[in-house]
Protein chains: 2
Amino acid sequence: MAITIKDVAQHAGVSVGTVSRVLAKNSTVNDAIRLKVEGVIEQLGYRPSSLGRNLRLNRTYLIGLLIPDITNPFFAELAKQVEMLASAEGYSVLLANTHDDPKAEQMQVEAMLSRLPFGLILVPVSDSAVNTIVAGTRTVTVDRPLQGHALVSVDNARGGYMAADHLLSLGHRNLGYISGPSSTEVSRARRSGFISGITEFRRQHSGMVVESRIVEGNFDYLSGETLGRTLLQSAPGTRPTAIATASDQQAIGLMRAAADLGIRVPEDLSIIGFDDIPLASLVFPRLTTIRQPIAEIARITLEAVLGRLSPQKEWMLEPVLIRRSSSAFAPPVT
Amino acid sequence: MAITIKDVAQHAGVSVGTVSRVLAKNSTVNDAIRLKVEGVIEQLGYRPSSLGRNLRLNRTYLIGLLIPDITNPFFAELAKQVEMLASAEGYSVLLANTHDDPKAEQMQVEAMLSRLPFGLILVPVSDSAVNTIVAGTRTVTVDRPLQGHALVSVDNARGGYMAADHLLSLGHRNLGYISGPSSTEVSRARRSGFISGITEFRRQHSGMVVESRIVEGNFDYLSGETLGRTLLQSAPGTRPTAIATASDQQAIGLMRAAADLGIRVPEDLSIIGFDDIPLASLVFPRLTTIRQPIAEIARITLEAVLGRLSPQKEWMLEPVLIRRSSSAFAPPVT
DNA sequence: ATTGCCAAATGAAACGTTTCATATTGACAG
DNA sequence: CTGTCAATATGAAACGTTTCATTTGGCAAT
């Protein structure tokens, strides 16, 4: 049987209220008694039950974190940052994966809400269903927007634009783009940013010919590899000299495909990824990419979920181009 | 104000007890009333509070998961598996990172216990301190042993042995080993398994000369790269023709170092990792490795923590050798 | 008409806290 | 010696459930 505040009170010969006030550091209580009570607490090894406490205060110190897949390095990093900040503030993190499945997402949201978290951080998969459910709990959405809730994300369109701009400025005129699933806003934004980067370039260079080919899949390694293969197996001469991807994972899969086909990076093919996961600087060659400021995203998200930020509805962060060795000047035209 | 069971009772014109019994599907309640109550619940959007429930039952449906670093692909995979299984059983997962820091570990354990999880899954960093603290909550340890608690792990010594055996059977006689930190039992077991693999081989081949050089660092990419560089920069002729590592991350860092130095894998250097993280089959060349059966580890761990397994104190799983392209026959001696 | 029985609903207690109104104490001024 | 006040401790209520001992009502058997 666990030790309750009553046991402590009894042993110390005081009332439960007094013990409670001893525990609440800021309350006024006679020094002798305080010492006595603290002694008993120590001796009995009493640990306040959060159950009673939560009920009484009608408030938990839980933050729900609902992401597609903790195995994805981007989300792992996000989870880590969020957890670090949260636990520094005395909150604990409830983790759940949606596996990009709307059904699973809904169930997980339900499960989380039944635990009455103080707030919810959500990387939503589906647009509907969810928004009715999360009423009542402060919810902040990361990466993907959700009707009626705060959103923290990187400026994905800008990132896509930067990727196109980088490749074009290196002289590439035949580009490929490996997109994420069109069902997500993130994918769409990155891709349309990429496209408008090209459009803008052509406008400025009065109609210069820029070819581009876009293929679509998931954000994972495998999609990068398969779609990369598709792009790279175009007839020689029409094969892109540079490819941008919607995630670093795809980019790494793409590098893999290039290696298999004997295509050298960056000599024959420039690659630029998106995210800047830790691995990006460890693959060979080191990956040029569009970095998402994850720590910043995590910080703002948590502050927002704790209600410390003005109730602004959207925070959009600037991505930054990280130049490494996977991108280089276009090979001379022969 | 949230809707409570009282509100439901009032609206339905029944007592709270009845509503409670309607919610507990297996109880006996008149059909007409059941329907009526269910209607009111639906209409009011009532959602039982886990706060009251937990207090009354003196039981939460939380599983604490305390790992060194969610960013490490191995732990990410473990977390994913555990979360999947747990949520299927109606439990939620509390996640925390220790960052391999005993101080942080202790704080995190305290924080978790104050939430009264039903059980705790722990990948311990430090050997002391913790074991007194976790008394009272069923705790299962993964990967690293902790006095007085159940342990689920792979047979690390066996894994190390298998790595040595694999390289030796390919004809390599000059081996390198990149170890994890000696402070962890895991590292020590893998390394000593590797060493005894060599010893055993020499015994069976009556004293055949096998050289080996061991360096030590962390489990991460960076350590693999730096230590790899150290090993590979030995005087030519004495440089190892095969290197085993204590983690796939190290192995990938090592591949990176080899690429930088112009050493071809597997032609000039065979590499074998440990873990079989998803990335292992995506790097170039695909990584030969010793697989930990993570799904199995997760399954057993969760069952154990839920108290469904006989109170056996230790489960040790067999690792399995996954042969891919990063290891090959030793180059002919010149 | 009385009794006994069963099914089904009720009322109240209990879980471990916090908090607020109230009670106690001691010191000190009048 | 009384009255007042500040300082501090107490007791009880409340948070939202579940559960158990009781009550209620209907109906069959006597």
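Chain letters run A, B, ... following the sequence lines, proteins first and then strands; every chain starts at 1.
Computed from coordinates, the A/Leu116 CG to D/dT17 P distance equals 9 Å when rounded to whole Å. Nucleotide D/dA7 holds its C1' atom 14 Å from the CZ atom of A/Arg34, rounded to whole Å. Put simply, CG on A/Leu23 is 15 Å from P on C/dG16, counting in whole angstrom units. One interatomic measurement links the two molecules: CG of B/Leu51 to C1' of D/dG16, which rounds to 8 Å at whole-angstrom precision. Atoms CG (A/Asn58) and C1' (C/dT19) sit 15 Å apart, rounded to a whole Å. A/Arg59 has its CZ atom 23 Å from the P atom of D/dA14, to the nearest Å. To the nearest angstrom, P of C/dC15 lies 15 Å from CD1 of A/Ile3. Rounded to an integer number of Å, the gap from CD of B/Gln10 to P of D/dG16 is 13 Å.
Side-chain atoms of B/Lys6 lie closest to D/dC15 of the nucleotides C/dA9, C/dT17, D/dC15. Comparing atom distances between the A/Asn30 side chain and each of D/dT8, C/dT17, C/dT10 picks out D/dT8 as nearest. Nearest to the side chain of A/Val14, among D/dT17, D/dT10, C/dT10, sits D/dT10. Ranking D/dA9, D/dC15, C/dT17 by closeness to the A/Thr4 side chain, first place goes to C/dT17. Taking only side-chain atoms of A/Arg53, from C-beta outward, the nucleotide of D/dT17, C/dT17, C/dT10 with the closest atom is C/dT17.
Nucleic acid contact for A/Ser49: sugar-phosphate only, since backbone atoms but no base atoms lie under 4.0 Å from a heavy atom of the residue. Within 4.0 Å (heavy atoms only), A/Leu55 reaches at least one base atom of the nucleic acid.
Applying the ring-ring contact (aromatic ring centres under 6.0 Å, His included) test to every pair with at least one member in residues 17-37 of chain A, sequence neighbours left out, gives no pairs at all.
Checked against salt bridge (Lys or Arg N to Asp or Glu O under 4.0 Å), B/Arg188 has the following partners two or more places apart in sequence or in another chain: B/Glu185. B/Asp100 pairs by the salt bridge (Lys or Arg N to Asp or Glu O under 4.0 Å) definition with B/Arg144, not counting sequence neighbours. The ring pair (Phe, Tyr, Trp, His ring centres under 6.0 Å) search around B/Tyr91 returns B/Tyr61, B/Phe118, not counting sequence neighbours. Remark: B/Tyr46 engages no residue in a ring pair (Phe, Tyr, Trp, His ring centres under 6.0 Å) (not counting sequence neighbours). B/Glu77 pairs by the salt bridge (Lys or Arg N to Asp or Glu O under 4.0 Å) definition with nothing, not counting sequence neighbours. Judged as a salt bridge (Lys or Arg N to Asp or Glu O under 4.0 Å), and not counting sequence neighbours, B/Arg59 has no contacts.
B/Asp275 and B/Gln292 make their closest contact through OD1-NE2, 2.9 Å (heavy atoms, listed as atom of the first residue, atom of the second, distance). Nearest approach of A/Pro117 to A/Thr60, heavy atoms of both residues: CA-OG1, 3.6 Å.
The local environment of NE2 in A/His99 is crowded, with over 12 non-hydrogen atoms from other residues, nucleotides or ligands closer than 6.0 Å.
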According to the Watson-Crick and G-U wobble definition with distances under 3.5 Å, which dot-bracket string, read 5' to 3', encodes DNA chain C, using [ ] for crossing pairs and | for pairs with another strand? ||||||||||||||||||||||||||||||
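Here B/Thr18 does not reach the OP1 or OP2 of C/dA9: none of its side-chain N or O atoms lies under 4.0 Å away. Proximity of A/Thr28 to the phosphate of D/dT8: a side-chain N or O atom is located under 4.0 Å from OP1 or OP2.
Comparing A/Val16 and A/Asp31 along DNA chain D, the residue whose closest nucleotide (by nearest heavy atom) sits nearer the 5' end is A/Asp31. Between B/Leu57 and A/Ala24, it is B/Leu57 whose nearest contact on DNA chain C lies nearer the 5' terminus.
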Nucleotide N/O to protein N/O under 3.5 Å, stretch nucleotides 20-28 of chain D:
none

